[in-house]
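Contents: one structure, followed by commentary.
Since the model is a prediction, treat every value here as computed from it, not as a measurement. Computed from heavy atoms alone, side chains included, the values below leave out hydrogens, waters and symmetry copies.
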Amino acid sequence: MSTQSTAGIDDAGSSDHPSRSDGFVRGLSEAIGGPLGDHAVVLDRPAGRERRLWTAARIVLALTCLTLALHWVQKSPCQDGAWQNNVQYTRFCYTDVLALYYAEGLNEGKVPYRDHPVEYPVLTGYFMGALGLPVHALGVNDPQLNQGQWFYNLNALTLGALAVATVAVILALRRRRPWDAALFALAPALLLTATVNWDFLAIGLAAFGLAAWVRRRPALAGLLLGLAGAAKMWPLFVLGPILVLALRAGKLRAALTAIGTALVALVAVNLPVAIPYRENWDRFFELNTERPIDWGTLWYIGRHLDGKVNSGVPGDQGPFQWLNANIPTLNYLSYTLFGLACLGVAALALLAPRRPRLAQLAFLVVAAFLIFSKVWSQQFVLWLLPLVVLARPRWGAFLAWQLAEVCYFVAFYGELLGAATSRPVFPEGVFVLAATLRLGTVVLLCVLVVKEILHPERDAVRRTYADDPDGGVLDGAPDAPWLTARRAARPPEPLPVTAGT
C-alpha cells in the first residue's frame, strides 16, 4: 500500500550514493580512494540538521549551467550570422535557430503561419514569432543591431532556462537520488546540441507535465503534455504508457482525464492557425509525409548496405533503395513498425511480473519512434536524455551511448561539410558506422530497460523507492482486480521432473 504523497516518500529513507550503488562509478572511484565510506559525512543531511551550501542538488544545477555556458561558447563562432567559408560546419556551430530567423522571414517581420508556412508544430512557430518579431522591431529602428545574433541569444537564454528547469524537475522527482540528474547535467549531447533547435521548449513543458502527474494532478499534466505536443509531437507518446499502466492499476479515470485535457490543449493551440491559414499550417505535415530517407536513420544505413550490392537504378535496387523511391510505402512501414513496437511495450506493461515504472515505458516508446523513424536529426538525442535519466540511471551504458552520439555529431558535420564543398571529408562508411553505433547504443539501452522491467530487483530506482516515484496515482497501487483474477485462474506451473520419479 502506498497512499503517501510523493513528498512524504521522498523525505523518508536514505539517499542513494552512486559510488556504492553503481558498479561503473564504484570502479572509477577507486582512482580517488574508493567508494563512499559508511561513516563519511555527506552533503545532504536529513531535515533538522546542519545544512551545507553545496548540496548535491545545487552542485547538479551548477553543473547544468556550466554545460550550457560551454555550449554557448561552442556556438559563438556562428552567432554573428556571417557564415563564410562554411564556418558553421568547420566549427561545429550550426544552429537552426539562427538559420531560420532569416529563412522563415522573421528578419522581415513576417508573422509565422499568417505570412508564410512553417515547418514546425504551431507552438514552436508561436515561440519563434514571440521572440523574433520584437527583435525585428528593434532592428528596424537600429540598423547597427545584429538581429540574428540578438535572436539567437534570446533563444539560448530561454531554452537554457527550460533546460535548467528540466533538471530541477528531475531533482524534485529523485530527492533520494539527486546524483542521477548529473547524467543530464554532464551529458556531451547537452553540450553539443542544446540550442540546435527549439527542442527544449517541448522538453521543458513535458517535464512540467510529468511533475504535475507525480503530484496527482492529471488534468494539469494533460494540459502541459498537450502543450508540449503542440511544440514537438513526441511528448504525446507519454500518454500511451500512462494509459496502459493505469489500465493495469485500475486507475483509468486519471489517465483518461490526462489524455482528454491533452487533446483539448492540442486542439485549442492549433485551431487559431489551422482554420484561417490551413495551407501554411499544413506545411509541417506535408514535409513529414514527403521527406525521403534522412541521414543517420535505420533506413539510411540499410540504403548504404543496399548500395554495396545494387546500383540503385530502377530494376537493380535493394529493398531500402526501393523504399527511398516509394515514400508512401516507407511511411506506412515506418508507422507500422512503430505501432508494433508500441503494442510490444503495452504487452510488456501488462505481462511483466511487476508493473513497470512510467519512465521506463516512456523511454521505450520514444526510443522506438526514433529507431524506426525516417528522420533522426542530431538534436533528437535531447528527447531521450531526461527519460533515460529517469528510466535507467546507470553510468556505464549511458556513457557508451553518449560516446556514440559524439562520434555521430562529428561524422554528421563532416557529412554536411562534404555536401557543401562537394569534397567528402570522411568516407561514407565512416558516417554510416557512426550512425550504426548511435542506433546500436539506443537499442542496447532499450534492451537493458526491458531486462530491468522483467527483473525489477535489478532496477536501481526501485532499490531506493518502494514503487514508482514518477507514478502519481499509480505509485503503490495494486494491480487491478481483473488482472489479479486472471493470474489466479492460471493453472500452476508443473513441477520439474527429477531423476528417479
Side-chain angles (χ1 to χ4, degrees), residues 64 67-68 71-72 74-75 78-79 81 88 93-107 110-113 116-136 147-167 169 184 187 189-209 224-237 265-266 269-270 273 280-281 283-285 287-288 294 366 369-370 373 375-387:
T64 305
T67 300
L68 291 169
H71 169 79
W72 183 86
Q74 193 267 321
K75 296 299 180 190
C78 285
Q79 289 181 22
Q88 70 272 32
C93 62
Y94 172 84
T95 166
D96 288 333
V97 173
L98 191 54
L100 293 180
Y101 179 71
Y102 300 99
E104 297 288 350
L106 293 168
N107 65 312
K110 291 183 178 179
V111 177
Y113 303 105
H116 63 93
V118 178
E119 61 185 88
Y120 297 112
V122 290
L123 197 62
T124 298
Y126 292 163
F127 187 80
M128 293 163 59
L131 296 185
L133 295 177
V135 169
H136 166 71
Q147 294 184 34
Q149 188 168 13
W150 273 65
F151 179 68
Y152 172 77
N153 284 315
L154 192 55
N155 275 274
L157 222 96
T158 309
L159 296 172
L162 287 167
V164 173
T166 301
V167 175
V169 169
F184 186 102
L190 179 65
L191 171 65
L192 296 173
T193 65
T195 62
V196 168
N197 201 282
W198 291 274
D199 294 82
F200 264 115
L201 175 61
I203 293 169
L205 288 170
F208 293 144
L224 291 166
L225 287 171
L227 291 175
K232 297 278 183 176
M233 187 173 61
W234 69 267
L236 298 175
F237 300 153
L266 189 65
V269 171
N270 276 271
V273 169
N280 290 346
W281 171 81
R283 177 58 182 156
F284 167 72
F285 302 99
L287 182 64
N288 283 278
D294 204 12
V366 177
F369 176 75
L370 292 177
S373 176
V375 179
W376 192 343
S377 299
Q378 54 170 322
Q379 74 276 5
F380 290 0
V381 59
L382 296 172
W383 302 359
L384 294 178
L385 201 50
L387 294 176

- Considering only heavy atoms from C-beta outward, does the side chain of Lys75 approach that of Leu98 to under 4.5 Å? no
- Note on the structure: On a heavy-atom basis, the closest approach of Leu370 and Trp376 is O-CE3, 3.4 Å
- Query: Which value, rounded to the nearest 0.5 Å, describes the distance between Asp96 atom CG and Met128 atom CE?
  - Reply: 9.0 Å
- Task: Identify, with sequence neighbours excluded, every residue that meets ring pair (Phe, Tyr, Trp, His ring centres under 6.0 Å) alongside Trp150.
- Result: none
- Item | Close side-chain approach of Glu104 to Lys110, heavy-atom, < 4.5 Å | no
- Please test Thr195 against Asn155 for side chain to side chain contact (heavy atoms under 4.5 Å, CB included), starting from the C-alpha separation and ending with a verdict. CA-CA 8 Å; Thr195 62; Asn155 275 274; over 6 Å; no
- Answer whether the closest heavy-atom distance between the side chains of Leu106 and Pro112 falls below 4.5 Å. yes
- Do Thr95 side-chain atoms and Val97 backbone N/O form a donor-acceptor pair below 3.5 Å? yes
- Task: Find out whether Val135 and Tyr152 are in side-chain contact, i.e. whether some heavy atom of one side chain is under 4.5 Å from a heavy atom of the other.
- Result: no
- List the steps, then state whether side chain to side chain contact (heavy atoms under 4.5 Å, CB included) holds for Leu131 with Trp198. CA-CA 12 Å; Leu131 296 185; Trp198 291 274; 5.7 Å; no
- Note on the structure: Rounded to the nearest 0.5 Å, the CD atom of Gln379 sits from the CG atom of Leu385 at a distance of 13.5 Å
- Query: How many angstroms lie between atom CD1 of Ile203 and atom CZ of Phe184, to the nearest 0.5 angstrom?
  - Reply: 6.5 Å
- Message: Under the criterion side chain to side chain contact (heavy atoms under 4.5 Å, CB included), I'd like the reasoning laid out for Leu190 against Leu68: C-alpha separation, chi angles, the key distance, then a yes or no.
- Response: CA-CA 7 Å; Leu190 179 65; Leu68 291 169; 4.0 Å; yes
- CG/Leu382 to OG1/Thr166 distance, rounded to the nearest 0.5 angstrom? 10.0 Å
- Nearest 0.5 Å, what's the CZ-CG distance between Phe208 and Leu224? 8.0 Å
- Message: Ignoring hydrogens, what is the shortest heavy-atom contact between Thr124 and Ala231? Give both atom names and the distance.
- Response: OG1-O, 2.6 Å
- Task: Looking only at non-hydrogen atoms, find the nearest pair between Trp72 and Ala156 and report the distance.
- Result: CD1-CB, 4.3 Å
- Determine the minimum heavy-atom distance between Ala228 and Leu205, stating which atoms define it. CB-CB, 3.7 Å
- Assess the pair Phe380 and Trp383: is the distance between their ring centroids shorter than 6.0 Å? yes
- Message: Quick check: closest heavy atoms across His136 and Asn107, and the distance to 0.1 Å?
- Response: ND1-O, 2.8 Å
- Task: Verify the distance criterion only: is there a donor paired with an acceptor across the side chains of Asn197 and Tyr120 at less than 3.5 Å?
- Result: yes
- Query: If you round to the nearest 0.5 Å, how far is OG of Ser373 from CG of Asp294?
  - Reply: 8.5 Å
- Kindly indicate whether the side chain of Val111, heavy atoms from C-beta on, has any atom under 4.5 Å from the side chain of Leu133. yes
- If you look at every heavy atom in Gln74 and Leu192, which pair is closest and at what distance? OE1-O, 4.1 Å
